[in-house]
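A note on names: the letters A, B, ... follow the listed sequences, proteins ahead of strands, and every chain is numbered from 1.
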Amino acid sequence: MSNASQSGRHILVAVAWPYANGPLHLGHIAGAYLPADIFARYHRMAGNRVLMVSGSDQHGTPVTVRAEHEGVPPQEIVDRFHPQFLQLWHELGISFDLFTTTGTPNHAEVVRDVFLRLLEHGYIYKGKTHQFFDAQAGRFLPDRYVEGTCPHCGYERARGDQCDHCGRTLDPDQLIRPRSRLTGAAPEMRETEHFFFKLSAFQQPLLDWLRGRTGWRKHVLNFSIGFVEEGLHDRAITRDIEWGVPVPVEDLGAGKRMYVWIEALIGYLSASKEWAQEAGEPDAWRAWWEDPAAGTYYFIGKDNIPFHTIIWPAILMGHGGLNLPADVPANQYVTFKGEKASKSQGVGEPALGYLERFQPDAVRYALAANLPENSDTDMTEAEIIRRNNDELVATWGNLVNRVLAMTHRTFAGRVPPAGALDHRDEAIIAGARTMLHQVGELIEAVHLKAALAAAMAFAQEANGYLSDTEPWKAAKSDPARAGTSLYVALCAITALDVALYPFLPFSSQKVHEYLGLSGGIEDAGWEARLPQPGATLGTAEPLFRKIETPEGEARLSA
RNA sequence: GGCAGCGUAGCUCAGGGGUUAGAGCAACCGGCUCAUAAUCGGUAGGUCAGUGGUUCGAAUCCACUCGCUGCUACCA
């Protein structure tokens with residue numbers, strides 16, 4: 001048993017905020033949402049107080065870009081995709097305590113509080129900067145809204161932040177013949193005044209903090225330390241735009257909004273507060289944010305690392321009194337047939353599409369077994385089918401099915417008495433405990449792929465045990481012995497069902513009911529309990545559907 | 001261009017200075033027939049991208065080369 005289950009720690013599971021500008025694909029799921037959910041479900045089951053929050057980033061530039069492209073207000077884009085996210089969480093079993101948006105009054109208020117606090121502490125100052133201005137449209141242009149010819153490769157449609165042709169990073173003023181994406185007019189440089197966050201002040205504190213981290217993924221830590229060592233510079237935190245959270249002070253006049261990069265990060269805190277208000281305990285969020293014994297974990301993709309290991313910690317340091325990340329287990333990318341899944345490039349089907357064809361646990365299993373924890377991993381639909389048919393159905397589903405079917409036939413659906421245990425029986429019962437303990441430790445360390453593999457390896461052991469003791473034969477010659485084997489196998493299944501629950505919540509709940517246990521499996525606790533002889537088992541049906549493919553059918557008829 | 005990571009069996013991935021390099025799946029052989037043609041055991045399969053170093057010893061460390069990916073901070 002983990003120590004955590006006794007202490008009842010507060011665990012904040014903070015998950016990346018998706019832009020509400022398009023559907024999510026399996027890359028997003030594998031990168032952040034699924035690992036976060038596995039982690040959260042484990043901790044809930046282990047008796048910890050979990051708060052899992054995120055929401056739609058509705059002020060991100062991709063949202064406004066899409067809105068302008070379609071000629072509709074940004075809110076319309078948000079209203080289209082935010083409900084899709086909620087539907088996806090529901091269907092895939094991503095168990096948020098709150099999935100909100102950055103458009104709530106609460107969020108604006110928390111952003112204001114953080115801003116004022118940083119201002120008060122001297123980490124925010126006013127400064128002048130130059131930016132392109134579209135005189136026809138009457139507004140300043142974010143970098144992405146300026147197009148022109150790339151000075152490096154001559155590509156004519158390079159954006160102000162980057163050239164899509166040669167991939168280089170650009171500043172808008174480097175573009176040859178710049179033009180506004182809004183009107184096509186040649187923009188002019190104008191001076192504008194903004195608030196800046198004094199990120200540079202945190203150079204040394206961040207370095208000290210990062211160097212003291214242990215247990216973090218190597219690529220996360222190396223990258224972050226390298227990033228800070230190169231030198232941090234202050235960033236503007238306001239911009240000239242109408243879509244966004246208003247700046248809390250009016251020093252700069254009207255027409256300024258908070259820059260999304262800082263505003264969206266504050267969402268973790270504002271969502272926690274919103275959850276607390278809805279729960280009727282407005283101060284409840286403090287247990288996760290202010291108590292140093294709490295653990296805060298940020299689940300993100302690798303493209304988001306500096307924001308969560310550098311900028312957000314700097315904001316937290318500047319604010320004071322709030323917990324720094326306990327870990328940022330950023331994942332690499334899932335590629336599809338070698339290509340990066342990407343909303344903007346249309347690679348990777350929307351995740352909801354997969355759920356029309358596959359059971360949610362099948363999708364969860366295939367992704368969890370192949371999480372890009374250390375390096376990019378590749379995924380294909382054939383791989384999902386293979387994982388489902390050859391591993392999930394064959395190893396775990398079949399174990400449950402064969403044991404329950406035999407028990408129903410031989411012992412009228414009641415848990416048989418244990419009888420005298422030999423070394424093989426005892427090895428399985430002890431192995432179940434060891435496995436559960438090991439899986440728990442691996443999940444706590446966010447080695448989710450290894451945790452799943454450990455559980456599946458034990459399922460194979462249990463299948464091997466059945467081959468070894470052959471209860472279907474013993475049922476005829478030595479029913480007591482057959483009963484013992486089935487009892488032991490039920491012990492293994494009971495433990496496996498707990499171990500697999502974070503990964504396979506839907507089917508694990510079913511198995512819980514097949515085992516004749518009442519209530520939700522999550523309340524069962526992270527422990528290997530023994531089945532009660534005489535207890536009545538539920539009627540079992542196969543847990544997972546085998547997915548038929550043309551190739552599979554060809555093999556059958558051959 | 002700079003930085004980071006990766007390149008390990010047919011496939012997807014672990015491992016990571018020290019006895020014969022691992023897993024799952026696929027292949028092949030055998031067993032079993034309770035189970036969704038499911039399962040169990042076994043066999044075979046890799047000069048760990050290449051070259052050169054360090055070392056008693058390198059897949060593991062270093063350098064270089066080739067290939068892939070990501071980041072490069074006003075997308076977050």
If B:A35 has a Watson-Crick or G-U wobble mate with both distances under 3.5 Å, name it; if not, just say none. none

With a non-hydrogen cut-off below 4.0 angstrom, is A:N222 in contact with a base, only sugar-phosphate, or nothing? sugar-phosphate

Is the side chain of A:T377 donor-acceptor paired with the backbone N or O of A:N370 at a distance under 3.5 Å, no angle test? yes

Length of the CG-P vector between A:N463 and B:U36, whole Å: 13 Å

Against the side chain of A:V393, the closest entry in B:U36, B:C13, B:U69 is B:U36

Which base sits across from B:C74 as a Watson-Crick or G-U pair, both distances under 3.5 Å? none

Figure out the NZ/C1' separation between A:K218 and B:A14, and round it to whole Å. 14 Å

Salt-bridge criterion met for A:E373 and A:K449 (N-O under 4.0 Å): no

For the P atoms, the ones on B:G50 and on B:A9, what distance do you get once it is rounded to whole angstrom? 10 Å

Using 0.5 Å steps for rounding, measure from the CG atom of A:D240 to the OG1 atom of A:T129. 9.5 Å

Should B:G10 form a Watson-Crick or G-U wobble pair with both distances under 3.5 Å, which nucleotide is its partner? B:C25

Could you tell me how far apart A:W472 (CH2) and B:A35 (C1') are, to the nearest whole angstrom? 9 Å

Assign A:G301 to base, sugar-phosphate, or nothing according to its heavy-atom contacts below 4.0 angstrom with the strands shown. nothing

Run the salt bridge (Lys or Arg N to Asp or Glu O under 4.0 Å) check on A:R386 and A:E391 step by step: do they pass? CA-CA 7 Å; A:R386 205 222 90 217; A:E391 296 182 17; 2.3 Å; yes

Validation row: A:L537, A:H408 side chains within 4.5 angstrom (heavy atoms): yes

Determine the contact category for A:L399: base if any of its heavy atoms lies under 4.0 Å from a base atom, sugar-phosphate if only primed atoms, P, OP1 or OP2 are that close, otherwise nothing. nothing

When the distance from CD of A:E383 to C1' of B:A26 is rounded to whole Å, what number comes out? 11 Å

Which part of the nucleic acid does A:P62 contact within heavy-atom distance under 4.0 Å: base, sugar-phosphate only, or nothing? sugar-phosphate

Nearest-Å distance for atom pair CG/P, residues A:L404 and B:U36: 12 Å

Rounding to an integer number of Å, can you tell me how far A:I493 CD1 sits from B:A35 P? 14 Å

Would you say a side-chain N or O of A:N374 is under 4.0 Å from OP1 or OP2 of B:C13? no

Counting any heavy atom closer than 4.0 Å, what does A:L543 reach on the DNA or RNA strands: base, sugar-phosphate only, or nothing? base

Looking at every strand, decide which applies to A:R409 at a 4.0 Å heavy-atom threshold: base, sugar-phosphate, or nothing. sugar-phosphate

Tell me the interatomic distance from A:W396, atom CH2, to B:G24, atom P, rounded to whole angstroms. 19 Å

Does A:S485 have a side-chain nitrogen or oxygen under 4.0 Å from the phosphate oxygens OP1 or OP2 of B:C34? no

Could you tell me which nucleotide pairs with B:C61 by Watson-Crick or G-U wobble geometry, both distances under 3.5 Å, or answer none if nothing does? B:G53

State whether A:K473 places a side-chain N or O below 4.0 Å from either non-bridging phosphate oxygen (OP1 or OP2) of B:C34. no

Select base, sugar-phosphate, or nothing to describe what A:F223 touches, counting heavy atoms under 4.0 Å on all strands. sugar-phosphate

Would one find a side-chain N or O of A:R386 under 4.0 angstrom from OP1 or OP2 of B:G24? no

I'd like to know if A:Y19 reaches the base of B:C75 with its side chain, counting only an N/O donor and acceptor under 3.5 Å. yes

May I ask which nucleotide in the shown strands pairs with B:A4, Watson-Crick or G-U wobble, both distances under 3.5 Å? B:U69

Ignoring backbone atoms, establish whether A:Q332 has a side-chain N or O less than 4.0 Å from OP1 or OP2 of B:C13. no

Mate of B:G45 where both pairing distances stay under 3.5 Å, Watson-Crick or G-U: none

Can you check the A:Y365 OH to B:G24 C1' distance for me, whole Å? 8 Å

Considering every strand and a 4.0 Å limit on heavy-atom distances, what is the contact class for A:N398: base, sugar-phosphate, or nothing? base

Touch check for A:Q131, heavy atoms < 4.0 angstrom, all strands: base, sugar-phosphate only, or nothing? nothing

For A:G464, which contact category applies under a 4.0 Å heavy-atom criterion: base, sugar-phosphate, or nothing? sugar-phosphate

Quick check against the 3.5 Å criterion: does A:S54 have a side-chain atom that pairs as donor or acceptor with the backbone of A:V15? yes

Contact check, side chains of A:Y465 and A:V488, non-hydrogen atoms, under 4.5 Å: yes

The side chain of A:D390 is closest to which nucleotide in this list: B:C32, B:A26, B:A14? B:A26

